[in-house]
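Input: a single structure, listed below in structure tokens.
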Amino acid sequence: MIDGLWAIGVLVWGALLGLMYFGGLWLTLRRLTEVKHQTAWVLGSLAIRNVLAVVGFFPVVRQGWQYALICLLGFILARFILVRRISPVPR
């Protein structure tokens, strides 16, 4: 059985993980033209973001697959929110 308050907390946790992951991706791509070793920059960012996401998802996955799906939903919702906020305004 899924506890409603815990599910909301897991959803928020997933959203925070998503904001960290996709926000980090945005910052990486934004600074890409300024760094000297672009490949190392992108691969380092990818490794750090993936490790942090896996470490953040691990305790939730241990609680059950239902909570893992709720956390994943929060993660994906964060992506949609960031895309909407960051995308350039058409002229």
Side-chain angles (χ1 to χ4, degrees):
M1 191 74 183
I2 296 178
D3 181 27
L5 188 58
W6 185 254
I8 291 171
V10 168
L11 182 72
V12 170
W13 179 248
L16 290 174
L17 288 174
L19 287 173
M20 180 259 335
Y21 187 88
F22 295 111
L25 175 61
W26 178 70
L27 290 173
T28 299
L29 295 177
R30 192 166 173 212
R31 293 220 30 221
L32 194 58
T33 58
E34 302 169 6
V35 296
K36 185 175 181 181
H37 302 287
Q38 295 172 341
T39 304
W41 179 257
V42 171
L43 291 177
S45 170
L46 175 67
I48 291 169
R49 288 182 293 114
N50 281 340
V51 165
L52 290 175
V54 168
V55 167
F57 268 98
F58 187 72
V60 176
V61 171
R62 291 188 58 158
Q63 298 298 320
W65 65 271
Q66 297 95 342
Y67 291 116
L69 286 178
I70 293 169
C71 189
L72 183 61
L73 176 66
F75 192 85
I76 294 169
L77 285 174
R79 180 201 174 268
F80 285 115
I81 291 168
L82 281 176
V83 166
R84 198 160 180 74
R85 300 278 286 169
I86 294 173
S87 63
V89 177
R91 293 181 182 190

Indicate the atoms forming the closest heavy-atom contact of E34 with R30, along with that distance. OE2-O, 4.5 Å
In short, A78 meets A15 closest at the heavy-atom pair CB-O, 3.4 Å
Same apolar cluster (I L V M F W Y, side chains within < 4.5 Å links), I8/L69: no
Anything under 30° is parallel, anything over 60° is perpendicular, the rest tilted; go ahead and classify W6 against Y67. perpendicular
Using a 4.5 Å cut-off on heavy atoms from C-beta on, say whether the side chain of V83 contacts that of R79. yes
Validation row: I70, W13 side chains within 4.5 angstrom (heavy atoms): no
Could you tell me which non-hydrogen atom of A68 sits nearest to which non-hydrogen atom of F57, and how far apart they are? O-CE2, 4.4 Å
If you measure from CD1 on I48 to CG on L43, what distance do you get to the nearest 0.5 Å? 11.0 Å
Keeping the roles fixed (side chain from W41, backbone from T28), state whether a donor-acceptor pair exists under 3.5 Å. yes
The reported gap from CZ in F75 to CG in L19 (rounded to nearest 0.5 angstrom) is 9.5 Å
Between the CG atom in L32 and the OG1 atom in T39, the distance rounded to the nearest 0.5 Å is 8.5 Å
How far apart are the closest heavy atoms of G18 and L82, and which atoms are they? O-CD1, 4.3 Å
Is there a path of hydrophobic side-chain contacts, each under 4.5 Å between heavy atoms of I/L/V/M/F/W/Y residues, joining L46 to W26? yes
At their closest point, which heavy atom of L17 faces which heavy atom of L52, and how far apart are they? CD2-O, 4.1 Å
Indicate, with yes or no, if L72 and F80 share a hydrophobic cluster defined by side-chain heavy-atom contacts under 4.5 Å among Ile, Leu, Val, Met, Phe, Trp and Tyr. yes
Same cluster for I81 and I86 if Ile/Leu/Val/Met/Phe/Trp/Tyr side chains link at under 4.5 Å? no
Looking at SG of C71 and CH2 of W65, how far apart are the two atoms once the value is rounded to the nearest 0.5 Å? 15.0 Å
Which pair of heavy atoms, one from M20 and one from R49, lies closest together, and at what distance? CE-O, 4.4 Å
Quick one: CZ on F58 to CD on Q63, what's the gap to the nearest 0.5 Å? 11.0 Å
Atom pair OG (S45) and CG (L29), whose distance is rounded to the nearest 0.5 Å: 7.5 Å
